[in-house]
Structures are given as C-alpha cells and as structure tokens.
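Below is one structure, written out as structure tokens; the observations come after it.
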Amino acid sequence: MSSPAAPNPYDLLPPVAPFTLTSTDLVDGERLPLEQAFDDLGVGGANRSPQLAWHGHPPETQGFTVTCFDPDAPTASGFWHWVLVDVPGSVTELPAGAGSADGSLLAPGAFHVRNDFGQRAYGGAAPPPGSAPHRYIFAVHALDIPTLGVDADASPALVGFNLSFHTLGRATLTALFSR
C-alpha cells in the first residue's frame, strides 16, 4: 500500500509574490540527475548542487535564502537537503556546485546551515530504495532584509521560522528522484 504524497509545504504558507526559478541542470517536474543525488548510502550520485538562476523577484528584495526540501521523506518533518542563507540581493544565480561545504562559489556573506544529513552543504537526493519518487523542492526566497539573523548553527526549522516574517516572494522548481 503506498502512502499519499505529503502536501507541498509552500502551499500551506501565506501567499507571497511568485517569481521565476530556472536551472540548466534540472527540469521542473522531471527526474533529478544522478549528478545531484547523494554520494553515499549506496545512491552513487555526485552530491553536486544544481545551477540555479532567478528573475522577476520583488524590486524591494534585499537578500535571498535558497533551500531544497523533500516533503516525501519517511519522517514526520520531511528532510532538508540544503539551506543557504544571506545570499545578497544583487545575486541572481548560483553556479553548479555552489552547495559545496567549502563555500568557495558563494557570494561574500552567504553561508550554509546544517542540512538533515548534519552537513553545512548541499546534500543530494537519497530516498529509500524501492520508494515512490520523492519530490525535491528547490526554492529561492526573496527577503525584505539583507541577512536573516541566524548563524551556521541554526536549524532548518529556525531558518524557516525567520523566513515566515521576511519573505516577499518565492520561486520553486521541483525535481523527482527514486531508486
């Protein structure tokens, strides 16, 4: 018996201005490439964050937060694969690999908080073997402040709580992965 899909968490939040998120690595609604899958747990991926670019965000945007969330993980709270905060408002693109732990491809001031793998980096898709395809929701949140006011020890839940007070707009792209 298969479980119904969890709701898209962004559908449960107050509406904000939409804008456009694109990727040269991902296609909305299509399979996530192995390049963006986890590099451990028998998945065999490269654990490389995808290239992301966005436009059309509210003009008063001062900063961005970038996340990747799997609402279909077999937990009561989903699974956070990537939480990147304090991306300057002048940045509208992240190159592939920007989610690396060394932060070398990030704009000054931007940093990762721990994902649910316990890493301050992008952690690729790793659904349990044999499960239905999981959704990996990449989101760029446009903020009314330049910094979110958290540090690298913040949990994804705390980041999400702070986002609820400062998000002007949001763009999402969803990729699917199973094994």
### Message
Rounded to the nearest 0.5 Å, what separates atom CG in Asn162 from atom OG1 in Thr65?
### Response
9.0 Å

## Note on the structure
Contacts of Ser131 meeting side-chain hydrogen bond (donor to acceptor under 3.5 Å, both in side chains) (sequence neighbours excluded), chain-then-number -> His134

### Message
Check whether Thr167 reaches the backbone of Leu163 with its side chain - one donor and one acceptor, N or O, closer than 3.5 Å.
### Response
yes

### Task
Starting from the C-alpha separation in whole Å, work towards a yes-or-no answer on ring pair (Phe, Tyr, Trp, His ring centres under 6.0 Å) for Phe64 and Trp54.
CA-CA 11 Å; Phe64 296 99; Trp54 53 93; 5.3 Å; yes

### Query
What residues, two or more places apart in sequence or in another chain, satisfy side-chain hydrogen bond (donor to acceptor under 3.5 Å, both in side chains) together with Asp144?
His166

#### Entry: Separation between CG of Asp28 and OG of Ser23, rounded to the nearest 0.5 Å
10.5 Å

### Query
Given the rule that I, L, V, M, F, W and Y join up when any side-chain heavy atoms are under 4.5 Å apart, are Leu84 and Phe79 in one cluster?
yes

### Task
Would you indicate whether the side-chain heavy atoms of Leu176 and Glu30 approach each other to under 4.5 Å?
no

Show me the side-chain donor-acceptor pairs of residues 85-98 shorter than 3.5 Å, one per line, residues at least two apart or across chains.
unit_1 : atom_1 : unit_2 : atom_2 : d
Asp86  : OD1    : Leu148 : N      : 2.7
Glu93  : OE2    : Gln51  : NE2    : 2.8

### Message
Within the structure provided, determine whether Asp153 and Val113 are in side-chain contact (heavy-atom separation under 4.5 Å).
### Response
no

### Query
Applying the 4.5 Å side-chain criterion to the ILVMFWY set and letting contacts propagate, would Val27 and Val140 be lumped into a single cluster?
no

### Query
Between Gly169 and Phe19, what is the shortest heavy-atom contact and its length?
C-CE2, 3.3 Å

### Query
Is any side-chain heavy atom of Phe69 closer than 4.5 Å to a side-chain heavy atom of Pro9?
yes

### Query
Is it the case that one hydrophobic cluster holds both Leu158 and Val66, taking links as side-chain heavy atoms less than 4.5 Å apart, direct or via other members?
no

### Query
Side chains of Leu26 and Phe138: closer than 4.5 Å at any heavy-atom pair?
yes

### Query
With Arg170, which residues qualify under side-chain hydrogen bond (donor to acceptor under 3.5 Å, both in side chains), at least two apart?
His141

### Task
State which residues pass side-chain hydrogen bond (donor to acceptor under 3.5 Å, both in side chains) with Asp11; sequence neighbours excluded, sorted by chain then number.
none

### Query
Are Thr67 and Trp80 side-chain neighbours, meaning at least one heavy-atom pair lies under 4.5 Å?
yes

### Query
Are Leu173 and Tyr10 connected in the hydrophobic side-chain network, where two residues link if heavy atoms are under 4.5 Å apart?
no

### Message
For a 4.5 angstrom cut-off between non-hydrogen side-chain atoms, does Leu143 reach Leu168?
### Response
no

### Message
So Asn115 and Pro156, do their side chains get closer than 4.5 Å, heavy atoms only?
### Response
no

### Message
Tell me whether Asp39 contacts the main-chain N or O of Gly45 through its side chain, where contact means a donor paired with an acceptor under 3.5 Å.
### Response
no

Side-chain donor/acceptor pairs under 3.5 Å, residues 122-130, sequence neighbours excluded:
unit_1 : atom_1 : unit_2 : atom_2 : d
Tyr122 : OH     : Gln36  : O      : 2.6

### Summary
Looking only at heavy atoms, the pair that brings Thr61 and Ala142 closest together is OG1-CB, 3.4 Å

### Task
Among Ile, Leu, Val, Met, Phe, Trp and Tyr joined by side-chain contacts under 4.5 Å, find the other residues sharing a cluster with Leu12 and list them by chain and number.
none

### Message
Under the rule for salt bridge (Lys or Arg N to Asp or Glu O under 4.0 Å), what residues qualify as partners of Arg48, not counting sequence neighbours?
### Response
Glu35

### Task
Check Ala121 against Ser100 and note the closest heavy-atom contact, atom names and distance.
CB-C, 4.2 Å

### Message
Using the ring pair (Phe, Tyr, Trp, His ring centres under 6.0 Å) criterion, which residues pair with Phe111? Sequence neighbours excluded.
### Response
none

### Task
Of all the heavy-atom pairs spanning Ser178 and Pro133, show the shortest one and how long it is.
CB-CA, 3.7 Å

### Summary
d(Asp116 CG, Thr75 OG1) to nearest 0.5 Å is 7.5 Å

### Task
May I ask you to say whether Asp102 pairs ionically with Arg120, meaning some side-chain N is under 4.0 Å from a carboxylate O?
no

#### Entry: Closest non-hydrogen atom pair between Leu21 and Ala171, with its separation
CB-CB, 3.6 Å

### Message
Do Val159 and Ile145 land in one hydrophobic cluster if side-chain heavy atoms of ILVMFWY residues count as linked below 4.5 Å?
### Response
yes

## Note on the structure
ring pair (Phe, Tyr, Trp, His ring centres under 6.0 Å) filter on Tyr136, not counting sequence neighbours, yields His81

### Query
Tell me, which pairs form a salt bridge (Lys or Arg N to Asp or Glu O under 4.0 Å) where one or both residues lie in residues 125-138, sequence neighbours left out?
Asp72-Arg135

### Query
Are any of the side-chain heavy atoms of Pro71 and Ile137 separated by less than 4.5 Å?
yes

### Message
Does anything in residues 25-49 form a ring pair (Phe, Tyr, Trp, His ring centres under 6.0 Å)? List the pairs, not counting sequence neighbours.
### Response
Phe38-Phe117

